[in-house]
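Encoded as structure tokens, the structure appears first; notes follow it.
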Amino acid sequence: MAVITFARDMPSEKEISSEAARLHDKLGSLGWSLEVCRAYAPLTLEINSLKKKRNAIVLAHSYQTPDIIWGVADFVGDSYALSDAARKTDAKIIVFAGVRFMAETAKLLNPKKRVFIPSLEAGCSLADDITAEDVRQLKRKHPGVPVVCYINTSADVKAESDVCCTSSNAAKIIRALPGRQIIFIPDEFMAKNLEKETGKKIISWHSRCVVHQDFDERKLAALREAFPSAKILVHSECPPAVVQKADLVGGTGDMERFVKSSDASSFVLVTECGLSDRLRFELPNKEFVGMCALCPYMKKNSLALILEVLQGLPQEKEIALPEEVAQRARRALEKMFGLSQS
Ligand code: 13P
Ligand code: SF4
């Protein structure tokens, strides 16, 4: 663990014990001992104290590790809910414990705030696989066809698109657009899944999520046999053959809502492991079985990096976007909010 320098006096034994107990209450069920929680307590105390001092919030995606989610996050959710939280916050500083496209989206939606990303390595295989020029070429090839970009794209790509979407509203947004044809970028599997769901003809790009592309329908079939009463919830970035076996297809927000309102007691969440870790704690009466995988990008963030950002507000970790790009990208995002709330 990183060496922590304290901006204030070292926390007292009483403060450390009480913070360790708070963390253990949250993390104990995930196997964190009180001793480990004590070791983390000075770090979470310092981060939470700096947040107050700087009028900062930490927004965390559900794929973040439990120490971030339960230790320092002010808001946890899916891409849509986090964007909405970023848009509405009064805090001066947003530390985005997620990946870069999420932090860029926060900056686009609330440009007066300072937005920081803890790890410069927190990219995304989808967002990093398509450029603005690729989109311009697609538009030249298919003139007049509306372009829907998944939120997992850079600001440059959003700026070339007509409307943005997230996993939770993609089908609604595609249905709301005129015409039978849509350009949907950049996720190839999601495009195929949406084509089936919406009945529209979808022209797609060839990118894949490195986490969701590898889920295997044969393993899922075996799980179905082993746990016949479990509900199978599949992220829409998964291959169509996996999606076909699902009781629900959608984003992490859809999965969370399904589990929370379902009478079923066991679930297979075919997505990144962070979501089942989180729901396992929140819903101790429900059982989460089977498959999940780790996102190497999401897992680049850490408490130590969050602390570093809050201490020094380093320029290289602050999101800055050219105004001309930002204005056009913001239009695609605002259109998404308009269509998804209508
Ligand atoms: P959600 O909006 O479903 O949380 O998706 C984010 C993501 O990156 C999925 O891999
Ligand atoms: Fe990108 Fe996939 Fe990681 Fe989500 S899980 S951030 S889509 S690489």
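Counting convention: from 1, in listed order, for ligands and their atoms alike. Numbering starts at 1 and runs along the sequence shown.
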Which atoms of ligand 1 are found less than 4.0 Å from any heavy atom of [X]?
| X | answer |
| --- | --- |
| His212 | 10 (O) |
| Asn152 | 7 (C), 8 (O) |
| Gly251 | 3 (O) |

Next on the checklist: Using modelled atom types and a 3.5 Å cut-off, is there a donor and acceptor pairing between side-chain atoms of Asp78 and backbone atoms of Thr252?
Outcome noted: no
Item to check | Whether Lys51 side chain and Val72 backbone form a donor-acceptor pair below 3.5 Å | outcome: yes
Item to check | His235 heavy atom under 4.0 Å from ligand 1 | outcome: yes
Checklist entry - Looking only at heavy atoms of His61, does any of them come nearer than 4.0 Å to an atom of ligand 1? => result yes
Item to check | atom 1 (Fe) of ligand 2 neighbourhood, protein N/O/S only, threshold under 2.8 Å | outcome: Cys124 SG
Is there a polar contact between ligand 1 and [X], counting only N or O atoms under 3.5 Å apart?
| X | answer |
| --- | --- |
| Thr166 | no |
| Tyr80 | no |
| Asp78 | no |

Does either side chain, that of [X] or that of [Y], offer a donor lying less than 3.5 Å from an acceptor on the other one?
| X | Y | value |
| --- | --- | --- |
| Arg38 | Ser17 | yes |
| Ser340 | Tyr80 | yes |
| Ser167 | Glu237 | no |
| Arg175 | Thr198 | no |
| Asp67 | Thr65 | yes |

Checklist outcome for this item: dist Ser236:OG -> Lys192:NZ (nearest 0.5 Å) comes out at 14.5 Å
Checklist entry - Given Ser125 and Tyr297, is the side-chain hydrogen bond (donor to acceptor under 3.5 Å, both in side chains) satisfied, shown in steps? => result CA-CA 9 Å; Ser125 65; Tyr297 302 102; 5.1 Å; no
Item to check | Residue pair Ser204 / Ala191: nearest heavy atoms and the distance that separates them | outcome: CB-CB, 3.3 Å
Checklist entry - Is ligand 1 under 4.0 Å from a heavy atom in the side chain of Val211, in the backbone, in both, or in neither? => result neither
Suppose we measure from [atom] to each protein heavy atom; which comes out shortest, and what is that distance?
| atom | answer |
| --- | --- |
| atom 9 (C) of ligand 1 | Glu237 OE2, 3.2 Å |
| atom 3 (O) of ligand 1 | Ser167 OG, 2.7 Å |
| atom 6 (C) of ligand 1 | Ser79 OG, 3.4 Å |

Checklist entry - Got a sec, which residues hit side chain to side chain contact (heavy atoms under 4.5 Å, CB included) with Cys273, two or more places apart in sequence or on another chain? => result Cys292, Leu294
Next on the checklist: Does Tyr40 form a ring-ring contact (aromatic ring centres under 6.0 Å, His included) with Trp32? I'd like the steps, not just the answer.
Outcome noted: CA-CA 10 Å; Tyr40 274 82; Trp32 290 52; 5.0 Å; yes
